[in-house]
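Okay, so here's the structure we're looking at.
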Amino acid sequence: MDICVIGAGYVGLVTSACLAYLGNQVIAVESNPERLNSLSQGIVPFFEPGLQEFVKVGIDSGFLTFSDKLEESVKKAQIIFIAVGTPSLPNGEPDLSQVMVVARAIGSAMDGTKRRIVVNKSTVPVGSGNWVEMLVSQGVANSQPVPARSTRMESPSFVVVSNPEFLREGSAITDSFYPDRIVVGSTDENAVAVMKNLYKPIIDQTFDPPSFAPRPKGFQEVPFVITDLASAELIKYSANAFLAMKISFSNEIAGLCEKVGADVKQVAQGIGLDYRIGKAFLNAGVGWGGSCFGKDVSALMQVAKEYSYPTPLLEATVAVNERQRLTVIKKLQEELKILKGRTVGLMGLSFKPNTDDLRDAPALTIAYQLLKMGASVKAMDPVSNERCQALNPNLDIVYCQDINELATDCDALVLVTEWDDFKHLHWKEVAKCMRWPLLIDGRNALSEEEVTQAGMTYRGVGR
Ligand SMILES: NC(=O)c1ccc[n+]([C@@H]2O[C@H](COP(=O)([O-])OP(=O)(O)OC[C@H]3O[C@@H](n4cnc5c(N)ncnc54)[C@H](O)[C@@H]3O)[C@@H](O)[C@H]2O)c1
């Protein structure tokens with residue numbers, strides 16, 4: 001099938017490469033000239049495991065191309081994916097301006113040659129499907145010449161469907177090939193059938209897995225969930241809100257564990273074995289971050305507000321997370337008493353391992369707070385030092401290349417991102433570099449035994 005994907009960020013680029021791998025002719029449209037230039041040379045401008053190789057496979061096969069010509073690309077396609085960003089505005093509402101521009105432009109590019117499906121993959125609030133339909137129609141109307149009385153124009157035909165994306169940064173390719181489910185929201189039977197056909201190789205798992213994303217053992221058919229538009233949109237927000245709530249729940253229990261002398265890791269194991277609860281997303285630590293959870297929970301609360309519907313669970317989910325990010329500061333104060341004049345080394349900057357994404361990263365909140373309190377901050381991340389420096393030129397951090405450089409003259413180290421690189425270090429060497437051998441394990445990811453055997457003081461979260 002001829003596909004056009006608009007927006008070549010994490011979601012758009014992975015979607016494009018995945019659909020190209022399945023034998024579709026895909027044009028990924030990107031408006032950022034630097035990003036487009038880089039992609040046109042086969043260079044992925046952000047870090048995502050395997051994506052560089054994956055994109056190269058697409059380009060070499062001839063199935064994946066890049067362009068900044070939205071109109072031309074839309075005209076060629078039968079299915080048009082919208083995969084642009086929907087970041088939060090300061091008031092918590094999602095900024096839908098990128099979607100608005102793109103939807104109108106799609107409309108302007110439409111002609112009557114075929115019936116097109118406009119697929120909303122960007123995460124948007126309930127009701128956006130109808131709104132996108134209106135914008136596409138406006139684009140169509142604006143681009144139509146006023147017909148002479150006697151001529152009858154062939155009106156472009158399209159349908160808008162919702163196809164929320166559930167991939168996780170850090171495992172985006174695997175998530176795309178082996179998803180838990182594919183959700184398509186539309187009441188148009190024909191559009192649903194086309195979408196089902198597009199995803200058939202994934203639903204039936206009939207494609208040959210690429211070497212960098214092998215099929216998990218025993219992985220079978222993928223559920224294809226058909227809903228109405230509003231339900232598909234709400235599924236995406238609810239899924240993220242639920243996952244964020246699970247982490248916040250664990251963090252709330254972690255605080256209680258510290259009071260009563262329990263260990264939140266043991267508690268999480270004990271409750272996670274109950275299949276109704278499940279083990280995933282019960283890790284206590286410095287809390288959730290990233291480009292999706294915060295903005296999606298806020299957007300969900302905003303939708304509820306429009307209907308004067310209170311959402312105390314969502315509010316608590318956010319409040320617990322905000323408090324949790326600062327628990328490491330409290331622990332540093334308990335151990336070091338005064339933070340003014342101290343040097344703290346942050347292990348990790350990205351919001352989670354295996355990505356260089358710094359959007360809403362807890363490390364930034366912690367760094368700003370430490371600096372505000374008069375401490376010096378050093379940091380070392382395996383992939384996002386440079387990006388952090390470029391995006392936060394006013395953040396007064398000393399960036400380090402290795403763990404010993406980071407530890408040198410530090411009064412404490414704080415594990416913020418649980419990269420594998422940090423899990424088994426030569427702790428004795430690390431301790432030797434430090435002024436005061438204190439380690440705050442903000443992710444409960446390190447071996448307390450290994451750290452304390454090296455003569456360091458270890459503090460986890462909720463233990
Ligand atoms: N990142 C994730 O893990 C993830 C997961 C699931 C869903 N989502 C959702 O998917 C959407 C995209 O997220 P992302 O992380 O890929 O965003 P992103 O910001 O990384 O990428 C968006 C891309 O769209 C491009 N763009 C913007 N306007 C354009 C235009 N007019 N024409 C062409 N390109 C344009 C931008 O330059 C950018 O490269 C968001 O709504 C997000 O909430 C993201």
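Note that the structure is a prediction, hence the values are computed from the model and not measured. Read the numbers this way: they start at 1 and go in the same order the structure lists the ligands and their atoms.
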Could you check atom 24 (O) of ligand 1 against the protein and tell me its nearest heavy-atom contact, residue, atom and distance included? G7 CA, 3.3 Å
I'd like to check which ligand 1 atoms, numbered from 1 as shown, lie under 4.0 Å from a non-hydrogen atom of Q98. 27 (C), 28 (N)
What residue and atom, counting heavy atoms only, is the protein's closest point to atom 35 (C) of ligand 1, and at what distance? S31 OG, 3.2 Å
Is the centre of the F219 ring less than 6.0 Å from the centre of the F177 ring? no
Got a donor-acceptor contact below 3.5 angstrom from the N385 side chain to the D381 backbone? yes
Looking at S291, which atoms of ligand 1 are within less than 4.0 Å of one of its heavy atoms? 1 (N)
For ligand 1, which atoms, with element, lie under 4.0 Å from some heavy atom of V102? 30 (C), 31 (N)
Test of proximity, K236 against ligand 1: N or O pairs below 3.5 Å: no
Give the atom numbers and elements of ligand 1 that come within less than 4.0 Å of a heavy atom of K295. 42 (C), 43 (O)
I'd like to know whether V286 forms a side-chain contact (heavy atoms from CB on, under 4.5 Å) with R443, so could you lay out the CA-CA distance, the side-chain angles of the two residues, the decisive distance to 0.1 Å, and finally the verdict. CA-CA 6 Å; V286 294; R443 295 289 183 186; 3.4 Å; yes
Considering only heavy atoms of Y10, which atoms of ligand 1 have at least one such atom less than 4.0 Å away? 1 (N), 15 (O), 16 (O), 20 (O)
Nearest protein heavy atom with distance in Å, relative to atom 19 (O) of ligand 1: R359 NH1, 3.7 Å
Considering only the protein, which heavy-atom contact is closest to atom 9 (C) of ligand 1, and what is its distance? T123 OG1, 3.3 Å
N or O contact, V11 vs ligand 1, cut-off under 3.5 Å: yes
Would E165 count as being in polar contact with ligand 1, using the rule that some N or O on each side must be under 3.5 angstrom apart? no
Considering only non-hydrogen protein atoms, determine which one is nearest to atom 5 (C) of ligand 1 and report residue, atom name and distance to 0.1 Å. L167 O, 3.4 Å
Please write down residue, atom name and distance for the protein heavy atom closest to atom 21 (O) of ligand 1. G9 CA, 3.2 Å
Can you find a non-hydrogen atom of E34 under 4.0 Å from ligand 1? no
Which atoms of ligand 1 are found less than 4.0 Å from any heavy atom of T86? 40 (C), 41 (O), 43 (O)
Do any N/O atoms on E30 end up under 3.5 angstrom from N/O atoms on ligand 1? yes
Suppose we measure from atom 22 (C) of ligand 1 to each protein heavy atom; which comes out shortest, and what is that distance? G85 N, 3.6 Å
Could you list the atoms of ligand 1 found under 4.0 angstrom from a heavy atom of R35? 20 (O), 21 (O), 38 (C), 39 (O)
Tell me the nearest of N32, N240, V84, V5 to atom 28 (N) of ligand 1, using heavy-atom distances. V84
Is R215 positioned over the aromatic face of F207, cation under 6.0 angstrom from the ring centre and no more than 45 degrees off axis? yes
Indicate yes or no for a side-chain donor-acceptor contact from Q324 to the backbone of G285 under 3.5 Å, with no hydrogens or angles considered. yes
Where ligand 1 meets A83 - atom numbers and elements under 4.0 angstrom, heavy-atom basis: 12 (C), 22 (C)
